[in-house]
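One structure is given below, encoded as structure tokens.
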Amino acid sequence: LPPAKQSLKIWLVKLGGNKVVTAVRGFVGTNADLAELGKQLKAACGAGGSTKDDEILIQGDHRDKILAWLTSKNYKAKKAGG
């Protein structure tokens with residue numbers, strides 16, 4: 001789907017040991033497209049992360065940065081959950 005038709009949700013997920021990751025869920029597309037979007041988000045946040053199970057995980061709390069970046073690229077995105 002083109003960015004304008006994507007409806008992404010940005011979550012804050014707490015892992016064991018006081019670690020936090022920002023998860024981007026709801027992407028519709030190929031795994032290659034998901035990996036490319038994940039790569040761009042990691043670069044925009046200056047943080048590590050991964051893409052798996054149809055979601056992008058970025059280390060740390062980067063909800064505001066990710067939301068601003070996605071909306072600047074015409075994605076429909078909003079914060080959700082924790």
Side-chain angles (χ1 to χ4, degrees):
L1 288 175
K5 301 228 173 173
Q6 298 278 3
S7 183
L8 303 176
K9 294 203 162 84
I10 303 166
W11 298 77
L12 186 65
V13 180
K14 292 184 167 97
L15 303 176
N18 291 332
K19 292 186 180 179
V20 218
V21 294
T22 306
V24 180
R25 298 177 181 152
F27 183 82
V28 178
T30 65
N31 284 339
D33 292 339
L34 180 69
E36 181 59 31
L37 180 60
K39 185 178 174 184
Q40 293 172 351
L41 286 173
K42 287 188 284 186
C45 295
S50 65
T51 55
K52 62 180 180 183
D53 301 330
D54 295 329
E55 69 179 1
I56 300 168
L57 301 173
I58 308 289
Q59 295 170 350
D61 182 359
H62 297 286
R63 290 174 294 176
D64 294 328
K65 277 186 198 174
I66 291 174
L67 182 63
W69 191 89
L70 287 171
T71 51
S72 74
K73 301 291 183 197
N74 294 324
Y75 284 94
K76 283 197 296 186
K78 63 181 180 179
K79 289 184 190 178

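Throughout, numbering of the chain's residues begins at 1 and tracks the sequence.
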For residues Asp54 and Phe27, determine if any side-chain heavy atom of one lies less than 4.5 Å from a side-chain heavy atom of the other.
-> no

Under a 4.5 Å cut-off applied to non-hydrogen side-chain atoms, are Lys9 and Lys78 in contact?
-> yes

Any Leu37 side-chain heavy atom under 4.5 Å of Leu70 side chain | yes

Non-neighbouring partners of Glu55 that pass side-chain contact (heavy atoms from CB on, under 4.5 Å), sequence neighbours left out = Ala23, Arg25, Leu57

Spacing of CD belonging to Gln59 relative to NZ belonging to Lys19, to within rounding of 0.5 Å = 7.5 Å

Rounded to the nearest 0.5 angstrom, the NZ-CG distance for Lys14 and Asn18 is 9.5 Å

For the pair Trp69 and Tyr75, name the ring-plane relationship: parallel under 30°, tilted 30 to 60°, perpendicular over 60°.
-> parallel

Is there side-chain contact between Leu12 and Lys79, with at least one heavy-atom pair below 4.5 Å?
-> no

Got a sec, which residues hit side-chain contact (heavy atoms from CB on, under 4.5 Å) with Ala47, two or more places apart in sequence or on another chain?
-> Cys45, Ile58, His62

Which distance, rounded to the nearest 0.5 Å, do you find between the NZ of Lys5 and the CG of Asn74?
-> 13.5 Å

Find the distance between NZ (Lys39) and OG1 (Thr51) and round it off to the nearest 0.5 Å.
-> 11.5 Å

Distance in Å, Thr71 OG1 paired with Ile66 CD1, rounded so as to fall on 0.5 Å steps | 11.5 Å

How long is the gap from CG on Leu8 to CG on Leu41, to the nearest 0.5 Å?
-> 9.0 Å

Shortest non-hydrogen contact from Ile10 toward Ala77 = CD1-CB, 4.3 Å

Consider only side-chain heavy atoms of I, L, V, M, F, W and Y, link residues closer than 4.5 Å, and tell whether Val21 and Val24 are in one cluster.
-> no

Using the test side-chain contact (heavy atoms from CB on, under 4.5 Å), find all partners of Thr30 that sit at least two apart in sequence or belong to another chain.
-> Ala32, Asp33

Spell out, as yes or no, whether a donor-acceptor pair under 3.5 Å connects the side chain of Thr22 to the backbone of Gly60.
-> yes

